[in-house]
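Have a look at the structure below, then the notes.
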Amino acid sequence: MTLWEFLSDRLGRGVGTLCGAAVAALFLMATGTRPGVVALLALGFLLVFVGAYTVEFLRLRAQLAELEAILEGLEKKYLFSACIPTPKDHYQRKLFDLTRRSGKSMLEAVSQAQAAQRAYRDYIEAWVHEIKTPITAAQLLCRDLEGDKRRKLTQELAQVEAHVERALFYARAESPERDCVIRQGSLDAIVSQAIQAHRALLIQSGIRVETEGLDCTVYTDEKWTAFLLGQILQNAARYRGQAPVICISAQPLGQKVVLTVADNGMGIPAHELPRVCERGFTGSNGRLRGGSTGMGLYLCRKLAAFLELDFQITSQEGEGTQVMLTFPATAGAEV
């Protein structure tokens, strides 16, 4: 609170007080009080008036500073009303009581919302695990088919499985610490896991995958990183060009390792590139090819942030797209 803010809030009261003092001075002079006495009384009143306002201003500013310090020290800001000290005067106590009751109601609403969110996430996770069984059964039944029918049905089932997996990781992304374990792992093994999980899609799309320099050790969660790479591979397959190729390479840089996934597909228009990681954004290519949910790169950016990986995308329309992930190669390294 600034002095001007304090005075502007009390402008009416201050003007009324000074006007009352002026009327009292005129009354004293009209009743025969000597001007010197009136002047001394006015000076004394002015000193008391300024002193009282100064003390009040300093007190309020100190209270606000204390409250701001309490708020800044709270990890969960909505607990503020439960942590502030009880005021001393009756009016502020009434306001404090109303605020605390309001805060309590909000906490109850937040707790209910969090419980509902946890229940929904648990349901989604259970549903995903249950739906995988009929998907696997359908994939096994496809082996009895032949020709183009088998290829098309297998491709559709692979798409269903990819959407189901994305739903699972979207649910887990709300509280990734429950399922995420950062530890040392082989970058080659993580990339191989992602490629193997999308092997059918890559083959059916006619994509050749080239790898180089993946013999590196990084610190990350292997399952989450493999899923992240899988989303990049799916995008490369969906927006492939002629004679599609995906090049996956790694380059050690001191305490970091930069993994680059580059394709020669459709590329991303320059004006859409800043928005490709927004939730639900499909872009012109997504509308042209169809089947885009706008969730893949959004999840990639969100998971990369939690895994503390630097996530960058560059692209040239008509030439291809490059996605760069920077991993810590040593424990505690910053990317």
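A quick note: this is a predicted structure, and the numbers were derived from the prediction, not measured.
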Stepwise, does the side chain to side chain contact (heavy atoms under 4.5 Å, CB included) test hold for L214 with L259? CA-CA 8 Å; L214 299 181; L259 178 69; 3.7 Å; yes
Does F327 form a side chain to side chain contact (heavy atoms under 4.5 Å, CB included) with C216? I'd like the steps, not just the answer. CA-CA 10 Å; F327 295 83; C216 301; over 6 Å; no
Evaluate L229 against L325 for side chain to side chain contact (heavy atoms under 4.5 Å, CB included), listing each step before the verdict. CA-CA 9 Å; L229 291 174; L325 285 168; 3.8 Å; yes
Full working for side chain to side chain contact (heavy atoms under 4.5 Å, CB included) between T321 and N235: CA-CA 10 Å; T321 302; N235 272 6; over 6 Å; no
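Residues Q184 and Y219 share a closest heavy-atom pair of NE2-OH, 3.6 Å. Scanning both residues, Q231 and C300, for their nearest heavy atoms gives CB-SG, 3.5 Å. Among all heavy-atom pairs drawn from F45 and A21, the shortest one is CE2-CB, 3.3 Å. Here the closest heavy-atom approach between residue P328 and residue L309 is recorded as CD-CD2, 3.9 Å. Closest approach of R13 to E56, counting heavy atoms only: NH2-OE1, 3.2 Å. Counting all heavy atoms, side chain and backbone alike, A262 lies closest to Q322 at CB-CG, 3.8 Å.
The closest donor-acceptor contact from the side chain of S102 to the backbone of L98 lies at 3.5 Å or more, if one exists at all. With hydrogens and angles disregarded, no donor-acceptor distance shorter than 3.5 Å links the side chain of R61 to the backbone of L58. Checking side-chain atoms of N264 against main-chain N and O of V245 turns up a donor-acceptor pair under 3.5 Å. Between the side chain of S315 and the backbone N or O of G320 there is at least one donor-acceptor pair closer than 3.5 Å.
For CD of E108, the number of neighbouring non-hydrogen atoms (other residues, nucleotides, ligands) closer than 6.0 Å is greater than 12. Remark: D144 CG is packed, more than 12 non-hydrogen atoms of other residues, nucleotides or ligands lying under 6.0 Å away. Around atom CD of Q114, more than 12 heavy atoms belonging to other residues, nucleotides or ligands sit under 6.0 Å away. More than 12 heavy atoms of other residues, nucleotides or ligands shown are found within 6.0 angstrom of CD on Q204. The number of heavy atoms from other shown groups lying within 6.0 Å of CZ (R183) does not exceed 12.
Residues F96 and I70 are members of one and the same hydrophobic cluster, defined by side-chain heavy-atom contacts under 4.5 angstrom among Ile, Leu, Val, Met, Phe, Trp and Tyr. Residue L41 is not grouped with residue L47 when hydrophobic side chains (ILVMFWY) are merged at heavy-atom distances under 4.5 angstrom, including chains of intermediate members. Hydrophobic cluster membership differs between L40 and M29, with clusters built from Ile, Leu, Val, Met, Phe, Trp and Tyr side chains linked at under 4.5 angstrom. With hydrophobic clusters built from ILVMFWY side chains whose heavy atoms lie under 4.5 angstrom apart, L153 does not share a cluster with I131. Under a hydrophobic-cluster definition in which Ile, Leu, Val, Met, Phe, Trp and Tyr are linked whenever side-chain heavy atoms come within less than 4.5 Å, directly or via other members, L157 and L145 are assigned to the same cluster.
Side chains of V218 and T225 form no contact here, defined as non-hydrogen atoms less than 4.5 Å apart. The shortest side-chain heavy-atom distance between V209 and L233 does not fall under the 4.5 Å cut-off. Side-chain atoms of I207 and L202, non-hydrogen and from C-beta on, do get closer than 4.5 Å to each other. By the 4.5 Å heavy-atom criterion applied to side chains, Q312 and T314 are not counted as neighbours. In this structure the side chain of T217 never reaches within 4.5 angstrom of the side chain of V257, judged on heavy atoms. Side-chain atoms of I246 and I195, non-hydrogen and from C-beta on, never get closer than 4.5 Å to each other. When side chains are defined from C-beta on, T31 counts as touching F27, because their heavy atoms get closer than 4.5 Å.
Between D97 and R93 there is no salt bridge, since none of the side-chain N atoms of the basic residue sits less than 4.0 Å from a carboxylate O of the acidic one.
For the atom pair L273 CG and I313 CD1, the distance stands at 6.5 Å (nearest 0.5 Å). The CZ atom of R238 lies 10.0 Å from the OG atom of S205; values are rounded to the nearest 0.5 Å. Between the CD1 atom of I182 and the CZ atom of F306 there is a distance of 6.5 Å, given to the nearest 0.5 Å. Distance check, rounded to the nearest 0.5 Å: OG1 of T326 to CG of L253 gives 8.0 Å. To the nearest 0.5 Å, the span separating SG on C142 from NZ on K152 amounts to 13.5 Å. Atom CG of residue L95 and atom OG1 of residue T99 lie 6.5 Å apart, to the nearest 0.5 angstrom.
A cation-pi arrangement is not found for R301 relative to F311, the charged atom failing to lie both closer than 6.0 Å to the ring centre and inside a 45° cone about the ring normal.
Ring-plane geometry between Y120 and Y123 is classed as tilted, the angle between the planes lying from 30 to 60 degrees on a 0 to 90 degree scale.
Annotation: F57 is not in aromatic contact with Y53 [ring centroid separation under 6.0 Å not met].
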